[in-house]
Amino acid sequence: MTSSPLAPAWLSHPDDANALPAPIWSHTATRTAEGEIEFGGVAAGALAAEFGTPLYVFDETDARTRARELRDAFATETARVGTTAKIYYAGKAFLSIEVARWMAAEGLSIDVCSGGELAVALAAGVDPSRIGLHGNNKSLAEIDRAVSVGVGVIVIDSAVEVERVAEVAARHERVQSVRVRVNSGVHAHTHDFLATAHEDQKFGVRLDQAEEFAAAIRSHPELRFLGLHCHIGSQIFGSDGFAESAARLLEAHAGLLAGGEVPELNLGGGFGIAYTTADDPTPITELAAAIVDAVVGECTRLGIPVPALAFEPGRSIIGTAGATLYEVGTVKDVLVSVPGENGEATDLVRKYVSVDGGMSDNARPALYGADYSVRLAGRVSDADPALVRIAGKHCESGDIVVYADYLPGDVHPGDLVAVPATGAYCWSLASNYNYLGRPAVVAVADGQARLIVRRETEHDLLARDAAYTGERLGEPR
């Protein structure tokens, strides 16, 4: 059969609407003989029955495997050229005490962007020297805590932060290592809100200010200048953008060597993953080899030593490890008028499948127009595939979870559906819109499931309301 005229150009009509395309799903996601999707050996139905829906499911084996693969790929490539790589897990993608422990156990450092994220990493027992603090507007309290606990590095994002960090370091009688975030001018091929190295935005300083910032940092004995940092964006495929950014950074890096040591170069993160069958992310081994080769080539041209490298991946480690389970509430066929070549409109059907979550647990489609995929999680069906739109339950017409995919046409209320690749920036961006509690997070591995973040209850939501008396809900007065 051919694709629906309402389907986007990238979406093909599937041969089997029950299949789980490997790039999109976690390593352990399979279907049982009964047709249920299993994650880490635990059936979706059992997860929903025990923990409820919506439910974030994190495949521990998948997350740890990707962390190791990324760590090992860059370690191998940098060792080949006589340098080293440090990998920071970008906690903004998803951070909990348990996940921070996974990353630390796999040899990764942790990148945090706020006092709250720092608190999670510390609660997980992460060595503070393996924590880096980012942020374009770090509060004095956040800087003070970071310095006092001994974080390994603070990323300077503006001129005032040089003085702030130096003053705090002096007060605590510490020498604080810092990097300077610069904008290389390289634009990632992604949504404007995800591209972070162009000039007109809030992060970092101009590349031509690097010498000025390095001199200011070096003027303070309480600060140690490690080098430059740049992040060109998110959900990036290929190495070309990283190579061009590295070339521009290394040009500045070479000039800074005249004033003292510049031991590191941080090229950020943003490695992409597959959300749909149209996505083709670069294998991490190829990406690491290409980036390191680009750095070496530029250092050779400039006649400078190859610095130690640092990277800050988040999505590429945790994104595909996560999936979200929902229960279908309503199914509605909606007529859509499509203009024909002769000027006459044709009415086509789009099937709206509404679930018990939405933009409160996955804001990315509403924020960025992000595309996702979906499959029946509790059963298989040989019904003809139908184009569906997975809608949330919030009072917003833009509350869409999956804009377009195919499900068996007999999808019905009570079905369990799974949306893969929701491990990054879903729980992190979750809200209480319409007073929905944020879903629980469970980890699965080796046939076992365990709660790592509990579901918010109505009591949790009301407890923040100063007028709440604590009365039991739903009972007559």
Side-chain angles (χ1 to χ4, degrees), residues 69-90 107-109 111 132 134 152-153 155 177-189 195-198 204-208 210-211 213-214 225-234 236-272 281-314 316-317:
E69 289 175 345
L70 201 147
R71 178 202 69 198
D72 291 347
F74 279 101
T76 298
E77 293 302 325
T78 51
R80 172 174 60 85
V81 300
T83 189
T84 60
K86 180 177 287 186
I87 306 299
Y88 291 83
Y89 170 69
L108 275 61
S109 297
D111 172 61
H134 261 295
V153 63
V155 179
S177 294
V178 298
R179 298 188 183 100
V180 175
R181 179 163 181 168
V182 294
N183 296 320
S184 65
V186 175
H187 295 228
H189 299 292
T196 53
H198 53 75
V205 302
R206 297 194 319 272
L207 186 55
D208 63 9
E211 186 173 343
F213 271 74
F225 178 59
L226 292 185
L228 302 178
H229 170 282
C230 185
H231 186 68
I232 63 172
S234 298
I236 304 165
F237 297 163
S239 61
D240 290 352
F242 294 103
E244 177 60 29
S245 183
R248 299 185 189 188
L249 291 171
L250 285 165
E251 192 83 42
H253 176 101
L256 296 174
L257 288 169
E261 67 169 4
V262 191
E264 293 185 5
L265 178 67
N266 188 318
L267 294 174
F271 312 141
T282 309
I284 196 63
T285 51
E286 294 180 19
L287 199 59
I291 292 173
V292 171
D293 283 346
V295 169
V296 170
E298 193 63 23
C299 288
T300 300
R301 184 185 72 80
L302 294 166
I304 60 174
V306 179
L309 300 179
F311 299 91
E312 297 168 356
S316 56
I317 293 172

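Remember, predicted model here, so these are calculated numbers, not experimental data.
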field: Candidate pair Leu70 and Leu108, rule side-chain contact (heavy atoms from CB on, under 4.5 Å), full reasoning
entry: CA-CA 10 Å; Leu70 201 147; Leu108 275 61; over 6 Å; no
Contacts of type side chain to side chain contact (heavy atoms under 4.5 Å, CB included), residue [X], not counting sequence neighbours:
{"X": "Thr78", "value": "Thr83, Ala85, Val292, Leu309"}
{"X": "Glu251", "value": "Glu298, Arg301, Leu302"}
{"X": "Ala75", "value": "none"}
{"X": "Ala294", "value": "Ala243"}

- prompt: Just by modelled atom types, is the Val155 backbone N or O under 3.5 Å from a matching donor or acceptor in the Arg181 side chain?
  reply: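 No.
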- request: State whether the side chain of Asn266 and the backbone N or O of Gly268 hold a donor-acceptor pair below 3.5 Å, judged by distance alone.
  value: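 Confirmed, Asn266 side chain pairs with Gly268 backbone.
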side-chain contact (heavy atoms from CB on, under 4.5 Å) between Phe225 and Val180, worked out: CA-CA 8 Å; Phe225 178 59; Val180 175; 3.9 Å; yes
field: Step-by-step side-chain contact (heavy atoms from CB on, under 4.5 Å) determination, Ser184 to Ile232
entry: CA-CA 8 Å; Ser184 65; Ile232 63 172; 4.0 Å; yes
Looking only at non-hydrogen atoms, find the nearest pair between [X] and [Y] and report the distance.
{"X": "Pro281", "Y": "Gly272", "answer": "CB-O, 3.4 Å"}
{"X": "Arg179", "Y": "Ala310", "answer": "NH2-CB, 4.0 Å"}
{"X": "Gly269", "Y": "Ile236", "answer": "O-CD1, 4.4 Å"}
{"X": "Val186", "Y": "Glu244", "answer": "CG2-CG, 3.7 Å"}
{"X": "His253", "Y": "Leu228", "answer": "N-CD1, 4.3 Å"}
{"X": "Leu287", "Y": "Phe271", "answer": "CD2-CD2, 3.3 Å"}

message: Among residues at least two apart in sequence or on other chains, which ones pass ring-ring contact (aromatic ring centres under 6.0 Å, His included) with Phe311?
response: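 For Phe311 the ring-ring contact (aromatic ring centres under 6.0 Å, His included) partners, ignoring immediate neighbours, are Phe74.
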Under the ring-ring contact (aromatic ring centres under 6.0 Å, His included) test, residues paired with Tyr88 that sit two or more places apart: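 Residues passing ring-ring contact (aromatic ring centres under 6.0 Å, His included) with Tyr88: none at all.
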Pair His134 and His229, ring centroids less than 6.0 Å apart: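 Distance test on ring centres: under 6.0 Å, yes.
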- prompt: For Glu69, which residues count as a salt bridge (charged side-chain N to carboxylate O under 4.0 Å, His left out) partner, sequence neighbours excluded?
  reply: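 So Glu69 forms no salt bridge (charged side-chain N to carboxylate O under 4.0 Å, His left out) with any residue.
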task: Only counting residues at least two apart or in another chain, list the ones meeting salt bridge (charged side-chain N to carboxylate O under 4.0 Å, His left out) with Glu261.
output: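 Residues passing salt bridge (charged side-chain N to carboxylate O under 4.0 Å, His left out) with Glu261: Arg224.
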message: Let me confirm one number: the CD1-CZ distance from Ile291 to Phe242, rounded to the nearest 0.5 Å.
response: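 One gets 5.0 Å once the value is rounded to the nearest 0.5 Å.
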- prompt: So do the side chains of Arg206 and Asn183 get within less than 4.5 Å of each other, counting heavy atoms only?
  reply: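 Not touching, per the 4.5 Å side-chain cut-off.
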- prompt: Side chains of Ile284 and Ser316: does their closest heavy-atom pair fall under 4.5 Å?
  reply: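 Of all side-chain heavy-atom pairs linking Ser316 with Ile284, none is under 4.5 Å.
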- prompt: Restricting to pairs with a member in residues 285-297, which pass side-chain hydrogen bond (donor to acceptor under 3.5 Å, both in side chains), not counting sequence neighbours?
  reply: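 Qualifying pairs, neighbours excluded: Arg80-Asp293.
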